Amino acid sequence: MTLLTMIFIASALGLVLIIVSFWLPQVGPDQEKLSPYECGFDPLGTARLPFSMRFFLVAILFLLFDLEIALLLPLPWGDQLPYPLKTFTCASLILILLTLGLIYEWLQGGLEWAE
């Protein structure tokens, strides 16, 4: 009896979601959605537009500082190791180094969008 009830509830929920998904979308897509690239600029223009070096540097800095998440991800399991103090010391060293790098970039003006 419970299996039949679960199948009925799952089927009813699936049917409701299918019906709602046909009602919710926009009826008339705008010009950007009809564009083949949806990139926000004219894809038929020249490909030799000047690239902003400032944007490139900020993107590289973001990737660099975003790596700290990957380096610090196993930190919660570090207290179960035989020497947890060594793990937390290395993590603190990484955070201090990244913080000093961020302060240096900030003082040098590497995070400014406008000149």
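Quick caveat: nothing in here was measured; it's all calculated off a predicted structure.
The neighbour count for L85 CG, taken as heavy atoms of other residues, nucleotides or ligands under 6.0 Å away, does not exceed 12.
What you find for P84 and G78 is that their closest heavy atoms are CB-O, 3.4 Å.
Between T87 atom OG1 and L72 atom CG the span is 11.5 Å, to the nearest 0.5 Å. In this structure, the separation between CG on L75 and OG on S92 is 8.0 Å, given to the nearest 0.5 Å. Note that the CD1 atom of I94 and the OG1 atom of T89 stand 11.0 Å from one another [nearest 0.5 Å]. Here the CG-CG distance, from L102 to L97, works out to 11.5 Å after rounding to the nearest 0.5 Å.
In the hydrophobic clustering of this structure, W106 groups with L61; members are Ile, Leu, Val, Met, Phe, Trp, Tyr whose side-chain heavy atoms approach within less than 4.5 Å, directly or through other members.
Checked by atom type and distance alone, the side chain of S21 pairs as donor or acceptor with a backbone atom of I18 at under 3.5 Å.
Taking the side chain as every heavy atom from C-beta outward, I103 and T99 approach each other to under 4.5 Å.
For the side-chain contact (heavy atoms from CB on, under 4.5 Å) criterion with L15, the lone passing option out of I19, L13, L17 is I19.
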